[in-house]
Amino acid sequence: MKTSATLFMAMSALVAAEPMSVLRQKKLDLWSAQSEAGVFDINRYAAQAATSCVNGKAGEYQCKNVDLVSFLRHQDMGSSTRRGNDVWGWTHAASGREFGAVGQTDGTAFVEIKADGSLVYLGRLPTQTTSSSWRDMKVIGNHVYIGAESSNHGLQVFDLTKLLTITTPRTFSITSDLKARFTGFGNSHNIVAHEEKNMIYAVGTGTAAGCRGGLFMVNVTNPAAPTSAGCMSAGGYVHDAQCVVYKGPDTRYTNKEICFNFNEDTLDIVDVTNKRSPVTLSSTGYTGSSYTHQGWLADAGMRYLLLDDELDEQNRKGPAANQKTTTYIVDISSLTAPKFTGTYQSPATAIDHNQYVHNGLSYQANYGSGLRIVDVRSVTTDPTGKSFKEVGFFDCYPEDDSVGGRAEFTGTWSVYPYFKSGHILLNSIERGIFVLKYTGA
């Protein structure tokens, strides 16, 4: 049951926040203007050689404690639209070889990251229907699951072991090369993976899916035959989520399957253990809410969570009125009564987009200011954020450097920081895929 205080905050956030339709149009208008200005033209960007970060620069890119190891342009990976979006990684368990799935508006490119960090383009899987600025992918086991905002796209299921023997780049068939295609929904905005439970949650699905854009649950225990497992529609549109087997301090829910949903104007925490009867545990708004976008658990003990809002910087709302990238800190020690405890502000002006926490560092994809690496280990002793510290960055969008950055939807879309080698993938909207290496302590 929601408390009156929680309901009040959620209602307050609802009044202030923008819907997805507004956010989508803001981006489409900007990217259309970029296209007209030639930003995505062929050969617009030069190939990049490996460059160490020295005295704050790696070639044309501003940096700190992050080296540029290798780079491939979108055109070098077979894209005719030359525009990027999401990215995820896969490690072949037996060999340790590392691969990337690189989202582009017209499909998904596959690359291998060699031991020295160099990139090899292996091929691509075209979009299932039409091109879309939004394509998202996640990996469970040896398969990548790909959704898109394209009409009738569904969920592409691709066996990544096909990449192990590639010697010449190829274009994979959207029929014969797919392990499966799930059509229980058509378009989706994001794909959420819960590896432990072999569950895919498609979020932001269209009205035809009948889930109000909420958690559309797909069981992929058998990747060749995904099945619909349930729907969580009570909270309405979910933009992104993280789902876990809960091991945190709220012992009422130990070993339950809990999803932290980023619902445009609130953080919703839901128990999805029973897929046919999921339960909302809390729905919490916050000061400055403009578009609750994404977030990640901050500590191994599952006591704190980091949340990013995609429009607070541009709209100059709440703590982000100065347009410095703002990360919200949430105490989730009670899943039914979360508390916002503080914020961290980047020294850079930019909009935040996606962040993932690994070994106490938050790897943030912050549009125009690039990859920002923030040490968040102090969250368990100081949840105000005052002790957070930026320890490295790589700014892949030099076009706004002369004005100190802008709160615009340009530059970095997402990052993948989980390779054992320490290589980090960054997918840029305009340029292509970067392999980076953090050199800090």
Side-chain angles (χ1 to χ4, degrees), residues 20 85-90 99-110 123-163 171-233 237-243 257 259 261 272 275 278 294 354 414 416:
M20 180 60 193
N85 39 56
D86 198 36
V87 64
W88 206 250
W90 171 63
F99 299 83
V102 183
Q104 298 165 328
T105 58
D106 54 352
T108 304
F110 299 108
R124 60 186 291 103
L125 179 68
T127 183
Q128 195 68 34
T129 53
T130 58
S131 292
S132 171
S133 296
W134 291 272
R135 186 172 309 280
D136 205 72
M137 63 283 300
K138 294 296 182 294
V139 172
I140 296 179
N142 291 330
H143 294 84
V144 61
Y145 299 85
I146 306 168
E149 285 275 17
S150 311
S151 179
N152 298 316
H153 186 279
L155 184 70
Q156 295 174 313
V157 185
F158 181 80
D159 185 348
L160 291 164
T161 63
K162 287 178 175 285
L163 305 178
T171 298
F172 294 99
S173 167
I174 60 173
T175 54
S176 60
D177 281 316
L178 288 182
K179 175 62 70 73
R181 179 185 173 214
F182 179 80
T183 57
F185 60 85
N187 62 295
S188 60
H189 190 77
N190 270 319
I191 299 299
V192 179
H194 188 184
E195 297 93 333
E196 284 184 84
K197 294 296 181 178
N198 291 312
M199 287 296 303
I200 289 291
Y201 297 90
V203 298
T205 54
T207 54
C211 198
R212 296 182 63 210
L215 295 176
F216 191 108
M217 309 175 192
V218 185
N219 188 319
V220 295
T221 300
N222 179 1
T227 58
S228 178
C231 163
M232 177 61 175
S233 62
Y237 190 97
V238 178
H239 185 272
D240 210 336
Q242 183 184 9
C243 300
E257 295 175 50
C259 290
N261 295 348
V272 295
K275 304 295 183 294
Q294 189 260 1
N354 294 299
S414 196
Y416 181 81

Interatomic distance, OG1@Thr205 vs OH@Tyr237, rounded to 0.5 Å, equals 8.5 Å
Between Arg181 and His153 the two heavy atoms that sit nearest each other are NE-O, 3.2 Å
Side chains of Pro126 and Thr171, heavy atoms from C-beta outward: is any pair under 4.5 Å?
yes
In this structure, OG of Ser414 is separated from CD of Gln294 (nearest 0.5 Å) by 7.5 Å
Interatomic distance, OG1@Thr127 vs CD@Glu149, rounded to 0.5 Å, equals 11.5 Å
So do Ile140 and Tyr145 actually touch side chain to side chain, heavy atoms under 4.5 Å?
yes
Contact summary for Ala224 and Ala180, nearest pair of heavy atoms
O-CB, 3.5 Å
Would you indicate whether the side-chain heavy atoms of Met199 and Asn219 approach each other to under 4.5 Å?
yes
Nearest heavy-atom approach of Gly214 to Val238 is CA-CG2, 3.8 Å
Take Val192 and Cys243 through the side-chain contact (heavy atoms from CB on, under 4.5 Å) test and state the conclusion after the steps.
CA-CA 8 Å; Val192 179; Cys243 300; 4.2 Å; yes
Does any N or O in the side chain of Asp86 come within less than 3.5 Å of the main-chain N or O of Met137, such that one atom is a donor and the other an acceptor?
yes
Rounding to 0.5 Å, atoms OG1 (Thr227) and CG (Asn222) come to a distance of 8.5 Å
Straight-line distance of Trp88 CH2 to Ile146 CD1, nearest 0.5 Å
14.0 Å
Side chains of Leu125 and Ile174: does their closest heavy-atom pair fall under 4.5 Å?
yes
Can you find a heavy atom in the side chain of Phe110 that is under 4.5 Å from one in the side chain of Val144?
yes
Are the side chains of Phe185 and Cys211 in contact, using a 4.5 Å heavy-atom criterion?
no
Taking all non-hydrogen atoms of both residues into account, name the closest pair between Phe172 and Asp177 and its distance.
CA-OD2, 3.4 Å
Just wondering, do His194 and Val272 contact through their side chains at under 4.5 Å, heavy atoms?
no
Might you point out which heavy atoms bring Leu155 and Ile191 nearest each other, and give the distance in Å?
CD1-CD1, 3.8 Å
Applying side-chain contact (heavy atoms from CB on, under 4.5 Å) to Asn354 and Asp240, what does each step give before you reach the verdict?
CA-CA 10 Å; Asn354 294 299; Asp240 210 336; 4.1 Å; yes
Regarding Trp90 and Asn142, do their side chains bring together a donor and an acceptor under 3.5 Å, going by distance alone?
yes
His239 vs His189 aromatic rings, parallel, tilted or perpendicular, using cut-offs 30° and 60°?
tilted
With rounding to the nearest 0.5 Å, note down the distance linking CD in Glu257 to NZ in Lys275.
3.5 Å
If only atom types and distance count, is the side chain of Asp136 paired as donor or acceptor with the main-chain N or O of Gly147 below 3.5 Å?
no
Backbone N or O of Ser151 within a donor-acceptor pair of the Thr129 side chain at under 3.5 Å?
yes
Mind checking whether Pro226 and Val220 have side chains closer than 4.5 Å, heavy atoms only?
yes
For Ala209 against Phe216, the heavy-atom pair lying closest together:
O-CE1, 3.7 Å
For the pair Asp106 and Arg135, find out whether any cationic side-chain nitrogen is under 4.0 Å from an anionic carboxylate oxygen.
no
